[in-house]
Amino acid sequence: MGLGILDDKYMDHVPGTTRYFDDPDRPQYAADGMQGLKCDTSGPVPIILVPQPSDDPNDPLNWPLWKRDLITFILSLTAIFGTALGPILAANTVTLSIWFAVEFSRVAMLTGYFLLGVGVAGFIFVPSGRIWGKRHLFVGGTVLLVVTSVWGGASGKNYTSLLWSRIFQGIATAPFESLVNAAVGDLYCVHQRGIRMAFTNLAVFGGAFFTPILVGKITHTIYWWWTFYLVAIFCALSLPAIFFFCPEMAYRRETSLNLDLLATENPATFKHMDNDKDGHEKSGVSNTPTAAQDSSATGEPTEVNRTSETHDAVYPIPPKKTFRQSLALFDGRKTDESFWKLLLRPLPLFIQPAFLWACLIQGLLIGWTVFIGVIMAQFFLATPLWWDEVNTGYAYTAAFIGAILGFVIAGALSDWSARYMTKLNGGVYEPEFRIVLVIPQMILGCAGLFGWGITVDGLLHSEYPYPVPLTFFALEVAGMVIGAVASSLYIVDAYRDLAIEGFTCMIIFKNIFSFALTFKAFDWLVANRSKAAPLFNALGAVQLAVCFSSIPLYIYGKRLRGYFYRHDLLAKFGLR
């Protein structure tokens, strides 16, 4: 029992628990004793490349680093335009209510159905991306962003037309919300991912909060439909960049090269257990790292050998694709697994405590953020402020600052806390150390919820100036970002082989939950006589309870990892 985490009774080594020098998230140096592996020699000490690049010149890990960074930049920039469509109507609630002659609740549904489109499409696109690659989804998503944004702007007085355009905008955005981070895993070795992953997350999250700041001014100056037309223009400019400079980044790599997925176990631990064979064979990977072919590769691996020394006859090295060949939308399957199995695989994980916790920790605060955005106009566009779209849009500056604050806090604490606790634990790293990030999430997020409800009510009676509730909104958003980082890091570290399914669960939950909230936001506010404090006190209490659920997961998380390693949930549902 290390630092309050209970050991598993049946396993000597539980997947996810590592010696810190074996931690896949830490650069491993050739001097650590692992020889015969490709290394990044751009620094003073060679760093072992994890995963190991193959000898194939078409392997994305063999592309020049500048090319991979260009792909990441293009995808992130387009992701900003796509995710901007989520809150794009936040500052225009009253404008659209008057324009379409509908209630505020029906304007809120325009955001809700967008989120529904993202959630449903993400559920489908993730297995599609795993089987056929991501390029066709990024190209198709960008084309659909252009078409649906023009559609939305040209809806005129037809509310139903705008509603359907919002649904398809959500579908178009789904590849960028669900697969851009996964593309970072395809393009970079582990020691290169950190800053790139932070950049893509900032693009997906930060861009969404920056959008309303501009939308209010755009609406006031050149009318609301130009907010959609501008997105269409920027996405149209991004389309040739994606088509010509973003080739397929998914790659079918030999299992032995995925050093970050290798697991070890003690078979003697299972010799008296009924499920010995299943538990021992299900990992599908070797118990010890197999040295890859010798080479002096750098951080930008090139064609070291034209044929593989180990698999010369079985795996001939293909020639490098021409530029024209790289433009193909499909270049073969990336896995032999069934589409339907991959599609349904995330669903059983909702009953696994760790994944349910991750969905709640991340998804609830995202939902409450959407909730605040939906009802904000009720308080700022009426008495006593009588703000127009411009000032209401500027109010989102607080949320954007909160998002940046959340990223800074999460970035500063996530790795530092893990290293510190690992040191206290005698050099043994437990994924449950990531759960400690819930503490700042709880402090900031819950303070933001309770404070927003109290002070926004006081705003109506001139008890508080408008910066006070906006400050609490910023705290709530900061807590949301920290929670998203905490849950993502825990799932990746504790259940690395199920990380994609875990992220799919979180995408489904947060978008469907936020969609549901848009239906009830104004009804709940009316039921409370337009008083926010009782409502947000209840929401804060729910969030507090979810944060406290982190305590039993921290204590029993290692035993859960061991239990579900021995009793494979997906295998029981026939999805392995």
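- Using a 4.5 Å heavy-atom cutoff, the side chains of Phe245 and Ile71 are not in contact.
- With sequence neighbours excluded, no residue forms a side chain to side chain donor-acceptor pair (under 3.5 Å) with Ser97.
- Heavy atoms of other residues, nucleotides or ligands lying less than 6.0 angstrom from CH2 of Trp226 number 12 at most.
- Between the side chain of Arg166 and the backbone N or O of Leu110 there is at least one donor-acceptor pair closer than 3.5 Å.
- Thr397 has its side chain out of reach of Phe210: every pair of non-hydrogen atoms, C-beta onward, lies at least 4.5 Å apart.
- To the nearest 0.5 Å, atoms CZ (Phe114) and OG1 (Thr518) are separated by 12.5 Å.
- Asn511 places no side-chain N or O within 3.5 Å of a backbone atom of Leu116 that could act as its donor or acceptor partner.
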Candidate pair Phe509 and Leu360, rule side-chain contact (heavy atoms from CB on, under 4.5 Å), full reasoning: CA-CA 8 Å; Phe509 179 84; Leu360 293 174; 3.7 Å; yes
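- In terms of modelled atom types and a separation under 3.5 Å, the side chain of Glu248 and the main chain of Ala250 share a donor-acceptor contact.
- Take Thr369 and apply the side chain to side chain donor-acceptor pair (under 3.5 Å) test, not counting sequence neighbours, and it matches Glu476.
- By the 6.0 Å contact criterion, CZ on Phe168 is open, its count of non-hydrogen atoms from other residues, nucleotides or ligands being 12 or less.
- Between Trp225 and Phe228, the ring centre distance reaches or exceeds 6.0 Å.
- Remark: the backbone N or O of Val485 is not paired with any side-chain donor or acceptor of Ser488 at under 3.5 angstrom.
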Please determine whether side-chain contact (heavy atoms from CB on, under 4.5 Å) holds for the pair Leu553 and Glu432, giving the CA-CA distance in whole Å, both sets of side-chain angles, and the decisive distance to 0.1 Å. CA-CA 8 Å; Leu553 182 64; Glu432 283 69 32; 5.8 Å; no
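- A donor-acceptor pair is defined here as one N or O able to donate and one able to accept, closer than 3.5 Å; no such pair exists between the side chain of Thr221 and the backbone of Ile218.
- Between Ile491 and Ala354, the shortest heavy-atom distance links the atoms CD1-O, 4.1 Å.
- For the pair Ser487/Gln441, no side-chain contact is recorded, criterion being any heavy-atom separation below 4.5 Å from C-beta on.
- Heavy atoms of other residues, nucleotides or ligands lying less than 6.0 angstrom from OH of Tyr223 number 12 at most.
- For the ring-ring contact (aromatic ring centres under 6.0 Å, His included) condition, the pairs that include at least one residue of residues 474-496, sequence neighbours left out, are Phe355-Tyr495, Trp357-Tyr490.
- Using modelled atom types and a 3.5 Å distance limit, the side chains of Thr95 and His220 yield no donor-acceptor pair.
- Formation of a donor-acceptor pair under 3.5 Å by the Arg68 side chain with backbone atoms of Trp63 is found in this model.
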Go through the steps to decide whether Ile409 and Leu444 satisfy the test side-chain contact (heavy atoms from CB on, under 4.5 Å), and finish with yes or no. CA-CA 11 Å; Ile409 293 175; Leu444 297 176; 3.8 Å; yes
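- Within the 4.5 Å cutoff, the side chain of Tyr396 has heavy atoms near those of the Met376 side chain.
- Under the side chain to side chain donor-acceptor pair (under 3.5 Å) criterion, Ser165 pairs with no residue, sequence neighbours left out.
- Using a 4.5 Å cut-off on side-chain heavy atoms (C-beta onward), Trp132 and Leu137 make no contact.
- Taking the side chain as every heavy atom from C-beta outward, Phe450 and Phe472 never approach each other to under 4.5 Å.
- Checked against the 6.0 Å centroid criterion, the rings of Phe515 and Tyr113 qualify as a close aromatic pair.
- Side-chain contact check for Ile439 versus Val436: some heavy-atom pair is nearer than 4.5 Å.
- A cation-pi contact, defined as under 6.0 Å to the ring centre and within 45° of the axis, links Arg106 to Tyr159.
- No side-chain donor-acceptor contact under 3.5 Å links Tyr464 to the backbone of Gly458.
- By the side-chain contact (heavy atoms from CB on, under 4.5 Å) test, Thr72 is found to be paired with Ser76, Leu187, Tyr188, Thr200, residues two or more places apart in sequence or in another chain being considered.
- No more than 12 heavy atoms of other residues, nucleotides or ligands shown are found within 6.0 angstrom of OH on Tyr420.
- The neighbour count for Tyr229 OH, taken as heavy atoms of other residues, nucleotides or ligands under 6.0 Å away, is above 12.
- In summary, of the residues considered (Phe371, Trp524, Phe473), a ring-ring contact (aromatic ring centres under 6.0 Å, His included) with Phe536 occurs for Phe371 alone.
- Judged by distance alone, the side chain of Thr111 and the main-chain N or O of Val107 form no donor-acceptor pair under 3.5 Å.
- Taking the ring centroids of Trp452 and Trp368, they lie at or beyond the 6.0 Å cut-off.
- Within the structure, the salt bridge (charged side-chain N to carboxylate O under 4.0 Å, His left out) test picks out the following pairs touching residues 132-146 (sequence neighbours left out): Lys134-Asp186.
- Contact annotation: the side chain of Val374 never approaches that of Leu517 to less than 4.5 Å [non-hydrogen atoms, C-beta and beyond].
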